[in-house]
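Let me begin by presenting the structure, written as structure tokens, before commenting on it.
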Amino acid sequence: MSELNVKSVSNVVNNGVPKAAPTLESLGFASAPKTPDSTWIGQKSILCGGPKVGKSSFLAEGGESTFFMRLAPEFTNLTTYGADCKDYSDVSAWITKLYQAKNAGLFKWDTIVFDPASRILDFLANDVAEAGGVEYIGDIPHGKGWMNYKNKIKMFLHSLEDLPAHKIFVFHTCTKEMAEAVGNKTYSRDVVPLSEKTESEFTKAVDSIFHIRTGYVGTISTRSMITQGNKYIEAGTKVPSLQSTPMIQWGNDNKANYAKFRGFFQ
């Protein structure tokens with residue numbers, strides 16, 4: 001069949017009516033762009049700050065809709081809903097149960113909190129060390145297990161992807177000495193204590209790092225949530241509704257603080 005005849009046949013249907021010309025939409029291409037949004041569910045965040053600044057009590061204001069993976073014995077004076085996890089097998093088992101609840105149509109939480117998330121790293125490092133004879137895992141990868149450790153972190157984060165909740169990882173901060181780009185001067189920066197070589201998967205995976213800071217007005221203590229970092233504070237967010245709000249001032253009422261924070265999300 002000639003090229004002309006092939007073209008002729010392809011442009012008609014059986015009754016001889018010409019076919020409509022294809023469009024991008026008819027071929028499955030979306031006509032509208034995917035735009036960023038501020039939906040609470042589906043986000044992943046790090047909430048960090050110094051010891052005893054109120055990170056856990058703030059998140060506990062989520063009540064029954066917040067599932068706490070309690071990873072350390074420090075919740076005796078705080079009402080939370082969730083599970084105690086003493087090792088990674090406990091964490092993994094509860095993630096499986098959360099998926100079972102989802103599949104059964106029983107999933108009722110909009111937030112899952114891992115507190116303190118540093119214990120996840122301890123659990124995974126211990127598992128790798130026991131299995132592979134790693135001498136240590138730190139800022140300088142050493143031994144044959146460091147890549148296994150990094151992969152385990154990736155697998156843990158991936159295992160949470162399809163849970164319909166905002167996943168929040170709670171970390172203490174530490175002060176790190178940083179070098180100026182020019183010259184020999186250094187300065188201090190409050191950061192999440194994660195190794196750039198092995199544990200940076202956490203910071204790559206999250207949408208936001210929210211940093212709780214304390215200060216004083218005279219003798220009165222004040223707290224604020226930093227949403228956009230600077231030279232001295234590690235923080236930042238991709239949430240559109242927070243792009244023009246570098247800091248959320250907190251009062252003494254945690255319930256009000258939590259409601260203000262959630263008000264930035266859909």
Side-chain angles (χ1 to χ4, degrees), residues 1-47 62 65-67 92 94-114 117 147 150-169 192 194 196 199-211 225-229 234-248 258-266:
M1 185 179 289
S2 69
E3 181 180 348
L4 179 61
N5 288 335
V6 169
K7 182 177 181 180
S8 173
V9 170
S10 65
N11 281 330
V12 298
V13 292
N14 292 336
N15 60 5
V17 179
K19 288 182 177 179
T23 63
L24 288 175
E25 288 77 9
S26 70
L27 295 174
F29 290 90
S31 58
K34 182 176 181 180
T35 57
D37 63 37
S38 303
T39 303
W40 176 262
I41 291 175
Q43 299 272 345
K44 292 186 289 295
S45 301
I46 287 174
L47 180 68
S65 64
T66 297
F67 189 96
S92 182
W94 277 104
I95 292 173
T96 298
K97 290 180 181 181
L98 287 169
Y99 274 107
Q100 290 171 342
K102 175 193 170 187
N103 295 336
L106 300 173
F107 198 92
K108 66 175 186 177
W109 306 276
D110 61 19
T111 310
I112 302 172
V113 173
F114 296 86
M147 184 57 76
K150 187 172 183 177
N151 287 337
K152 278 181 175 288
I153 295 173
K154 288 182 179 179
M155 291 171 63
F156 162 68
L157 292 167
H158 182 72
S159 73
L160 305 174
E161 283 295 328
D162 294 326
L163 290 173
H166 189 140
K167 278 74 76 171
I168 300 181
F169 309 99
V192 184
L194 295 170
E196 294 180 4
E199 297 163 352
S200 60
E201 298 305 319
F202 259 101
T203 49
K204 290 177 185 176
V206 299
D207 304 287
S208 304
I209 298 176
F210 299 118
H211 193 128
M225 174 185 282
I226 309 300
T227 65
Q228 301 290 341
E234 182 177 17
T237 182
K238 299 176 184 176
V239 179
S241 59
L242 285 167
Q243 291 300 311
S244 60
T245 308
M247 181 184 71
I248 303 172
Y258 190 77
K260 181 189 294 187
F261 177 61
R262 284 296 302 265
F264 285 95
F265 296 85
Q266 299 169 2

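One is the number of the first residue; the rest follow in order along the sequence. Keep in mind it's a predicted model, so treat the numbers as computed, not measured. When reading the values below, keep in mind they use all heavy atoms of this one structure, side chains included, and skip hydrogens, waters and symmetry mates.
In this structure, the side chains of Q266 and I41 stay at 4.5 Å or more apart for every pair of heavy atoms. Between I248 and L242, some side-chain heavy-atom pair lies under the 4.5 Å cut-off. Using a 4.5 Å cut-off on side-chain heavy atoms (C-beta onward), T39 and Q43 make no contact. Within the 4.5 Å cutoff, no side-chain heavy atoms of V192 are placed close to those of F169. F107 has its side chain within reach of L163: a pair of non-hydrogen atoms, C-beta onward, lies under 4.5 Å apart. When side chains are defined from C-beta on, E234 does not count as touching L194, because their heavy atoms never get closer than 4.5 Å. Within the 4.5 Å cutoff, no side-chain heavy atoms of L157 are placed close to those of K204.
Here the OG-CD distance, from S208 to Q228, works out to 8.5 Å after rounding to the nearest 0.5 Å. Here CG of D207 is found 10.5 Å from CD1 of I46. Values are rounded to the nearest 0.5 Å. With rounding to the nearest 0.5 angstrom, the CG atom of D37 is 10.5 Å from the CZ atom of F265. In this structure, I95 CD1 and I112 CD1 are separated by 8.0 Å, a value rounded to the nearest 0.5 Å. Rounded to the nearest 0.5 Å, atoms OG1 (T245) and CZ (F261) are 11.5 Å apart. Distance check: F264 CZ to T227 OG1 gives 7.5 Å after rounding to the nearest 0.5 Å.
Side-chain atoms of K108 do not come within 3.5 Å of backbone N or O of L106 as any donor-acceptor pair. No side-chain donor-acceptor contact under 3.5 Å links S241 to the backbone of S38.
Every side-chain hydrogen bond (donor to acceptor under 3.5 Å, both in side chains) that K44 has, sequence neighbours left out, goes to E161.
The nearest pair of heavy atoms linking T111 to Y258 is OG1-OH, 4.2 Å. Here the shortest heavy-atom pairing between T237 and Q243 reads O-NE2, 2.8 Å. The two residues A165 and W109 come nearest to each other via the heavy atoms CB-O, 4.1 Å.
Ring pair F156/F114 is perpendicular by interplanar angle, where above 60° counts as perpendicular and below 30° as parallel. Below 30°, between 30° and 60°, or above 60°: for H166 and W40 the angle between ring planes is between 30° and 60°, a tilted geometry.
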